[in-house]
Chemist: 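Below are the structure tokens for one structure; questions will follow.
FYI, side chains are in, hydrogens and waters are out, and symmetry mates aren't considered; it's all heavy atoms of this structure.
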Amino acid sequence: MSDLELDAVALGKVGMMRQTQPEFYVMRLHAVAGDLTARQIRCIARVAARYGRGSVHLSTRQGVEIHYVRQEDLEKARLELLEGGVEMGACGPRVRLIVACPGNETCRQGVIDTKTMTKTLDERYFKTETPSKFKMSVAGCSNNCSKATENDIGIRGAIEPEWVPASCSDCGLCMPLCPVRAISRRESGGNPETPFRYEADEASCINCSTCTSLCPSDAWRVGKRGYHVYIGGTMGRVPRFASLLKKFVTDEEDVYRLVEEAIAFYRQHGNKKERFGHMIDRIGLDTVREVILGSV
């Protein structure tokens, strides 16, 4: 391998990539769940003006890139960014930026704290070496805005709805509002106290918050909160929709254990440059799922 190629590999590990124009580099910056402080943004703008061409690129994964930086300026730019609280991102075969939606901190439909979970995952896995690039996403609800099902590991917030008969006005609005028509109404056999019941079919329910957020009489309430965990999603040249690893995990620590086992399995069995999902297809989803779930 030539010195130039060695330089490219070393720089790639710290988020610096050579552009089409060989004299210029892209500096890929680190952000957690797409969040940057005003101080960090000012620093990025200053560095882009001083060492780039005065502009930045917002990536599809909530990251920021500074283009048109000369190789001799990379270290100076990196140190200035670090002084402003901005660290470098990641390229190549390792865990990349972990993306997330705002979650329940600010979104009315969010059912989990996506920011805390993303920060924890970032601290544990960012830049971890893997057979190929490895992407994770945390989505606050079934709207899936951060595309959990398009990532190597995706985590999506979920709720288990609970019907409260004393609050129900029997308007029936929940049935057509349910996106998968999982809710049904039935008579309760002439009982004058509860002449009818509404039920959500567990197999059909996608654990969204439509019924609990839109019920006009607050008869549908959140019974439990949890997480759906997906594995093997990827876009790129050969896209693959993620497979459900486990539905409705109620313990957050169990989610972290599943992530740990999934990454460990991939590092042990994945071929060089083979994406996680393609490894799953090669080995077999049932086998991969059995091993990962059996380890937790």
Side-chain angles (χ1 to χ4, degrees), residues 1-102 106 114-116 118-138 145-147 150-152 234-237 272-273 275:
M1 187 179 289
S2 69
D3 290 343
L4 191 61
E5 289 171 322
L6 285 170
D7 283 347
V9 171
L11 290 171
K13 289 183 178 181
V14 292
M16 301 176 185
M17 305 171 292
R18 208 165 56 181
Q19 292 183 192
T20 300
Q21 305 85 352
E23 70 272 26
F24 292 115
Y25 280 75
V26 175
M27 299 186 74
R28 178 173 287 173
L29 311 182
H30 181 221
V32 179
D35 289 340
L36 292 165
T37 65
R39 173 174 175 256
Q40 289 173 315
I41 292 171
R42 285 193 295 268
C43 175
I44 293 168
R46 185 171 60 250
V47 170
R50 184 170 296 167
Y51 299 108
R53 291 189 174 177
S55 64
V56 298
H57 171 72
L58 302 180
S59 77
T60 58
R61 291 189 61 77
Q62 300 180 331
V64 178
E65 295 176 352
I66 301 174
H67 292 211
Y68 291 102
V69 181
R70 294 187 181 276
Q71 184 172 7
E72 59 267 27
D73 291 331
L74 289 173
E75 183 62 8
K76 290 180 287 186
R78 185 188 72 82
L79 290 174
E80 285 194 30
L81 288 164
L82 191 60
E83 193 175 311
V86 182
E87 297 184 5
M88 297 305 303
C91 310
R94 51 193 53 85
V95 176
R96 304 293 186 82
L97 290 177
I98 302 168
V99 304
C101 68
T106 56
T114 59
K115 299 299 182 73
T116 299
T118 303
K119 183 178 179 182
T120 300
L121 292 170
D122 178 84
E123 290 170 349
R124 294 184 184 184
Y125 300 110
F126 181 59
K127 290 188 178 180
T128 296
E129 301 284 333
T130 45
S132 184
K133 66 179 73 172
F134 196 90
K135 301 178 179 180
M136 287 192 268
S137 174
V138 183
C145 295
S146 51
K147 301 178 176 63
E150 295 178 10
N151 282 259
D152 296 280
T234 178
M235 292 292 98
R237 296 184 184 94
K272 186 177 180 181
K273 295 186 177 181
R275 292 297 297 270

Chemist: Side-chain contact, heavy-atom cut-off 4.5 Å: V86 with V64?
Modeler: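 Not touching, per the 4.5 Å side-chain cut-off.
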Chemist: Show the nearest heavy-atom pair for residues S132 and R275, with the distance to one decimal.
Modeler: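 Of all heavy-atom pairs spanning S132 and R275, the closest is OG-CD, 3.4 Å.
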Chemist: Between V138 and M136, is any pair of side-chain heavy atoms under 4.5 Å apart?
Modeler: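 Not touching, per the 4.5 Å side-chain cut-off.
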Chemist: Just so I know, are the side chains of L97 and Q62 near enough to count as touching, which here means a heavy-atom distance under 4.5 Å?
Modeler: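 When only atoms from C-beta onward are counted, Q62 and L97 do not touch, as no gap falls below 4.5 Å.
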Chemist: Indicate the ring-plane relationship of Y68 and F24, choosing parallel, tilted or perpendicular according to the 30° and 60° boundaries.
Modeler: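 Perpendicular.
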Chemist: Are there over 12 heavy-atom neighbours, none belonging to K133, within less than 6.0 Å of that residue's NZ?
Modeler: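 Check fails, neighbour count at 12 or below.
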Chemist: Tell me whether E123 at atom CD has more than 12 heavy atoms from other residues, nucleotides or ligands lying less than 6.0 Å away.
Modeler: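 For E123, atom CD is crowded (more than 12 foreign heavy atoms under 6.0 Å).
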Chemist: Indicate the atoms forming the closest heavy-atom contact of I98 with T118, along with that distance.
Modeler: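 Minimum heavy-atom separation between I98 and T118: O-CG2, 3.5 Å.
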Chemist: For R61 and N151, does a side-chain donor sit closer than 3.5 Å to a side-chain acceptor?
Modeler: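 Judged by distance alone, the side chains do pair up.
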Chemist: Can any side-chain N or O of S146 pair as donor or acceptor with the backbone N or O of S137 at less than 3.5 Å?
Modeler: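 No: the side chain of S146 does not pair with the backbone of S137.
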Chemist: Hey, does K76 have a side-chain heavy atom less than 4.5 Å from the side chain of R50?
Modeler: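 Side chain of R50 against side chain of K76, heavy atoms only: no contact under 4.5 Å found.
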Chemist: Check this for me: does any side-chain nitrogen of one of K119 and D122 sit under 4.0 Å from a carboxylate oxygen of the other?
Modeler: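 D122 and K119: not salt-bridged.
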Chemist: Provide the closest heavy-atom pair for R28 versus M17 in the form atom of the first, atom of the second, distance.
Modeler: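 So the two residues come closest at NH2-CE, 3.4 Å.
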Chemist: Restricting to non-hydrogen atoms, name the atom on S55 and the atom on A48 that form the minimum distance, rounded to 0.1 Å.
Modeler: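 Minimum heavy-atom separation between S55 and A48: O-CB, 3.7 Å.
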Chemist: Looking at every heavy atom in both Q40 and G85, which two are closest together, and how far apart are they?
Modeler: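 Closest approach of Q40 to G85, heavy atoms only: NE2-O, 2.6 Å.
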Chemist: Can you confirm whether R70 sits close enough to E23 that some side-chain heavy atom of one is under 4.5 Å from a side-chain heavy atom of the other?
Modeler: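 Yes, their side chains come closer than 4.5 Å.
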Chemist: Please indicate whether R124 has more than 12 foreign heavy atoms, meaning atoms of other residues, nucleotides or ligands, lying under 6.0 Å from its CZ.
Modeler: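 Atom CZ in R124 is packed in, count exceeds 12.
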Chemist: Might you point out which heavy atoms bring H57 and H67 nearest each other, and give the distance in Å?
Modeler: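 Where H57 meets H67 most closely, the heavy atoms are CB-NE2, 3.7 Å.
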Chemist: Is the closest side-chain heavy-atom distance between M88 and L29 below 4.5 Å?
Modeler: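 Answer yes - side chains close enough.
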Chemist: Find out whether M16 and M27 are in side-chain contact, i.e. whether some heavy atom of one side chain is under 4.5 Å from a heavy atom of the other.
Modeler: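 Side-chain contact under 4.5 Å: yes.
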Chemist: When Y51 is tested against each of L81, L74, V69 for side chain to side chain contact (heavy atoms under 4.5 Å, CB included), which residue passes?
Modeler: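 Single side chain to side chain contact (heavy atoms under 4.5 Å, CB included) partner of Y51 among L81, L74, V69: V69.
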